[in-house]
Amino acid sequence: NEKERAFLPLNRKHFIQLHKQRPNHQGIIVCTFDPDFIGQAQRIADALEKEIELTGRLIRIYRPT
């Protein structure tokens, strides 16, 4: 039984390229490095609240400047 789950990788540049090459996936969430892990988790949760479907999507989360 295959799980349909989005992926949150640490090596975002590789997975951005993978998304471009193979857009048929369950969703990829990429983040810039942020030592504020709690803030980053909240930004991820906020971004995902707005999404209805993740299949084939690349979601980018940026560290605040």
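In this chain, numbering begins with 1 at the start of the sequence shown. As the structure is a prediction and not an experimental result, all values here were calculated from the model.
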- Task: Report yes if some heavy atom in the side chain of Arg12 is under 4.5 Å from a heavy atom in the side chain of Cys31; otherwise report no.
- Result: no
- Item | ring-ring contact (aromatic ring centres under 6.0 Å, His included) partners of Tyr62, counting only residues at least two apart | none
- Query: Any side-chain heavy atom of Asp36 sitting closer than 4.5 Å to one from Pro64?
  - Reply: no
- Query: What closest approach, in Å, do His19 and His25 show between heavy atoms, and which atom pair accounts for it?
  - Reply: ND1-NE2, 2.7 Å
- Query: For the residue pair Arg5 and Gln26, what are the closest heavy atoms and their distance?
  - Reply: O-CB, 3.2 Å
- Task: Check whether any side-chain heavy atom of Ile16 lies under 4.5 Å from a side-chain heavy atom of Arg60, and answer yes or no.
- Result: yes
- Between Asp46 and Gln42, do the side chains contain an N or O donor and an N or O acceptor separated by less than 3.5 Å? yes
- Note on the structure: Here the gap from Arg63 atom CZ to Arg43 atom CZ, rounded to the nearest 0.5 Å, amounts to 9.0 Å
- Considering only Ile, Leu, Val, Met, Phe, Trp and Tyr, and joining two whenever side-chain heavy atoms are under 4.5 Å apart, list the other residues clustered with Ile44. Leu8, Ile29, Leu48, Leu54, Ile59, Ile61
- Item | Smallest separation among heavy atoms of Phe15 and Val30, with atom names | CB-CG1, 4.4 Å
